[in-house]
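Presented below is the structure to which this report refers.
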Amino acid sequence: MAEKLKQTVEPVIEVQDICKTYFMPGGMSQSVLKHVSFDVVPGEFVAIMGHSGSGKSTLMNILGCLDRPTSGVYKLAGKAVSDKTDAELANIRGQEIGFVFQNFNLLMKRTIADNVSLPLIYQGVGEAERYERAVRMLHKVQLNGYEDRLPTQISGGMQQRVAIARALINNPKIIFADEPTGNLDSKTSDEIMDLFTDLNKQGITIVLVTHEDDVADYAKRMIKIGDGQKIYDGLRTEYQKDEE
Amino acid sequence: MIGQILREAWISITAYKMRTFLTMLGIMIGVAAVVLMVAAGQTVQNEITKTFDSMGTNLIIIGPGETVSGGVRGGRGRPSVSFDDVESLRSLKDIETASYIVNAAVQAVYGSNNYGVNVYGTTPEYLTVGNWEIEDGIMFSERDLKSGRPYVVIGQTIVDELFGLQNPIGKTIRLKGQPFTVIGTLREKGDGLMGDDQDNIILTPATTLRQRLRSSPRPNYSNVAFVKVTSEDRMESVANRIEYQLRARHRLKEGTDNDFTVRLMTEMVEKVRSVGLILSLLLAAIASISLIVGSIGIMNMMLVSVTERTREIGTRKALGAPNKWIMFQFLAESILISFIGSFVGMFLGVILSQIGGYYFGREVPISVWSVIISVSVAVIVGIVSGLMPAFKAMKLDPIEALRFQ
């Protein structure tokens, strides 16, 4: 499916043969990612799966421009990222990427509107516009009227929706969600995943890292990482068939 | 961008009110202490200057020689400078005028009032050398001096103590039972350097004092003589000329010691001033220790804050904050704390110094130095104590920071 789409649409993520090796003192080294390649085209909903220690977190950090590959090429929205400076990477994160974390990472002393609009500060957006856009985003995640509350006053599920609104506020090319339901109960998890599905239907590209099968079920495509290598890349439904 | 950074910094420091306040308190106390000590030092300096100005600084003081017995220097010897010696100095180059005094401590009586006073027997020139001005009436004249008339010119303390609200001019007061006519009053000078009352003074012709108040086996010798020099940079050369002239008049052989002493007011002023300056520097130095402690407090709090907010820093970086932004935000937080602390401390210091001045009855200046010190301290302390924590925050790896529990 991915191959077919690639011919018509420019991929938002191009990973070509990337490796990540950690060099330790004393000449030792450890390869965490070994020659991983794949593309993600706009509008996809991809789940990256793998056991802990498989290298999926490292892959996620590279995809999120928080880390650089040791070798190989990573292009985000057609631009190679590997040779950018720290400041340029920060700028790319602020403009092209939305992050959703397992533990939400909200600033607990700040209002929900401040939290949602935080990425816009670094883009030089003025205060009034930030607030207005935050209110609009909160509407999108069904949190109207909560803009002036503090995160401590709302539930975990609502906090994660605030985080999703924050990830959406700069109209990113792609959203990376790292175990977004890891700290939530199953009912709230379903609500959050329904929200992601909904956003994906509106055309937003989502890359999800998880180790939970029922969370991964929400994604259409699945990439499985094992021992630093890509061991499966295809439809989620087909992978389940393989297992059975 | 600066506005945004300051706003973020402000919100961050106001989120922890108690901690921020306590940290500010350290800087406040430090700056207040420095301002207070600078004010105290300046007040002392001002008092010194005021007193010297009231005495006149281009003055040379000639006193009796030191007694020497068996090679051991003792106290003052007997009066050795005669009235004629002093008069002979008036014609020397660069000397404006010269005068001398003989004094007597007596009780001044007017009606039922009496007051202990220092009576100076002197010449009309004493007004000039002593920087005195006539408030009311006139000074006695050269003729009054020659003929030893019983005239007195009195200081403001005597006016207040003996006459109250009455006009003293033309009234007769008694000194040692003898009648003296008040012909003039002196303008008020205030307290001297040692807190002595300079206005507790009565001037009378030297001859009158010798005849009526204090006789002496050497009636024409002065206790102390004053020479007023035309300008301060001529002091040294005039002092040399005086020494030469007096040695000649006293027929002192070469190799013998002077039987008089010549002291320069400018040297004394310099000595007292430098003591005052050292005092105020010392006070400021001690006070700045508390400032250092205060700035260590800021650094300590900022380091704790960076560690505590590691996850926040990681989040901000993941969401697109450049490293510089993070650094400037933490720097701005410490600068804000030290700025506010310094300003409050400055006002605190100024207010306390004014209260202190009121309490001790001294005029305490509000100096520009307080403002300059406070502002520069605010900036320097803020930057110095914030730099290390800010660098620490800047260098945090976002991946590590996000994993931090």
Side-chain angles (χ1 to χ4, degrees), chain A residues 20 22 57-68 84-111 114-127 130 150-152 163 166-170 172 176 178-179, chain B residues 1-21 301-302 304-333 336 390-405:
Chain A
K20 182 70 182 180
Y22 289 107
S57 291
T58 305
L59 177 61
M60 188 66 168
N61 288 335
I62 291 172
L63 295 180
C65 294
L66 291 165
D67 203 355
R68 293 185 185 84
K84 301 280 193 224
T85 64
D86 281 354
E88 286 167 329
L89 284 186
N91 201 33
I92 291 170
R93 290 197 296 271
Q95 286 180 346
E96 320 276 18
I97 297 171
F99 280 105
V100 178
F101 305 98
Q102 179 176 358
N103 40 27
F104 325 141
N105 281 333
L106 299 179
L107 309 185
M108 295 317 231
K109 298 259 180 184
R110 306 294 289 270
T111 65
D114 275 354
N115 268 288
V116 171
S117 64
L118 188 63
L120 296 180
I121 288 185
Y122 307 115
Q123 305 303 317
V125 179
E127 204 181 327
R130 285 210 307 271
L150 292 175
T152 44
R166 180 179 66 186
L168 291 169
I169 196 140
N170 51 359
F176 291 109
D178 190 356
E179 304 275 8
Chain B
M1 181 169 129
I2 292 169
Q4 302 264 27
I5 289 174
L6 282 176
R7 188 173 171 271
E8 285 294 298
W10 174 252
I11 293 170
S12 295
I13 62 172
T14 47
Y16 302 90
K17 290 193 176 63
M18 192 61 181
R19 184 202 286 183
T20 303
F21 170 73
M301 180 210 146
M302 290 306 298
V304 170
S305 178
V306 168
T307 307
E308 216 178 53
R309 287 155 65 193
T310 300
R311 277 260 295 280
E312 177 193 327
I313 294 164
T315 306
R316 284 176 182 272
K317 285 189 174 187
L319 299 181
N323 286 337
K324 267 187 202 157
W325 224 99
I326 297 290
M327 189 188 80
F328 284 132
Q329 186 190 327
F330 278 88
L331 210 51
E333 286 180 24
L336 272 178
F391 265 118
K392 199 181 159 198
M394 185 182 95
K395 282 198 187 136
L396 280 179
D397 175 16
I399 299 168
E400 298 289 329
L402 283 169
R403 217 180 281 154
F404 185 82
Q405 291 303 313

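In what follows, chains carry the letters A, B, and so on, assigned in the order in which the sequence lines appear, proteins first and then strands, with residues in each chain numbered from 1. In this text the structure is predicted, and so the values were computed from the model without any measurement.
The shortest distance between side-chain heavy atoms of B:L319 and A:R166 falls below 4.5 Å.
The salt bridge (Lys or Arg N to Asp or Glu O under 4.0 Å) pairs that include a residue from residues 9-20 of chain B are B:R19-B:E308, where partners are two or more places apart or lie in different chains.
Partners of A:Y22 according to the side chain to side chain contact (heavy atoms under 4.5 Å, CB included) rule, which considers only residues two or more places apart in sequence or in another chain, are A:K20, A:V32, A:T58, A:D67. Judged as a ring pair (Phe, Tyr, Trp, His ring centres under 6.0 Å), and not counting sequence neighbours, A:F176 has no contacts.
Panel note: side chain B:R311, backbone A:N105; no donor-acceptor pair is recorded below 3.5 Å.
In summary, A:R110 and B:E8 engage in a salt bridge, as defined by a charged side-chain N under 4.0 Å from a carboxylate O.
Of the two parts of B:R309, neither the backbone nor the side chain holds a non-hydrogen atom closer than 4.5 Å to a non-hydrogen atom of chain A. For a residue to count as touching a neighbouring chain, one of its non-hydrogen atoms must lie under 4.5 Å from one of that chain's; by this rule B:Q4 touches chain A with the side chain only. Interface residue A:L118: only side-chain heavy atoms are found under 4.5 Å from chain B. For A:N103, the parts sitting under 4.5 Å from any heavy atom of chain B are the backbone and the side chain alike.
Between A:Y122 and B:P322, the shortest heavy-atom distance links the atoms CD2-CD, 4.2 Å.
Among B:R316, B:E312, B:K324, B:K317, the residue making the largest number of heavy-atom pairs under 4.5 Å with chain A is B:R316. Chain B forms more heavy-atom pairs under 4.5 Å with one residue of A:I97, A:L107, A:D86, A:N170 than with any other, namely A:L107.
Within residues 393-402 of chain B, the residues having any heavy atom closer than 4.5 Å to a heavy atom of chain A are B:P398, B:I399, B:L402, listed by residue number.
Between the OG1 atom of B:T315 and the CZ atom of A:F101 there is a distance of 5.5 Å, given to the nearest 0.5 Å. Residue B:I11 holds its CD1 atom at 5.5 Å from CG of A:D114, rounded to the nearest 0.5 Å.
Cation-pi contact between A:K109 and B:Y16: present, with separation from the ring centre below 6.0 Å and deviation from the ring axis of at most 45°.
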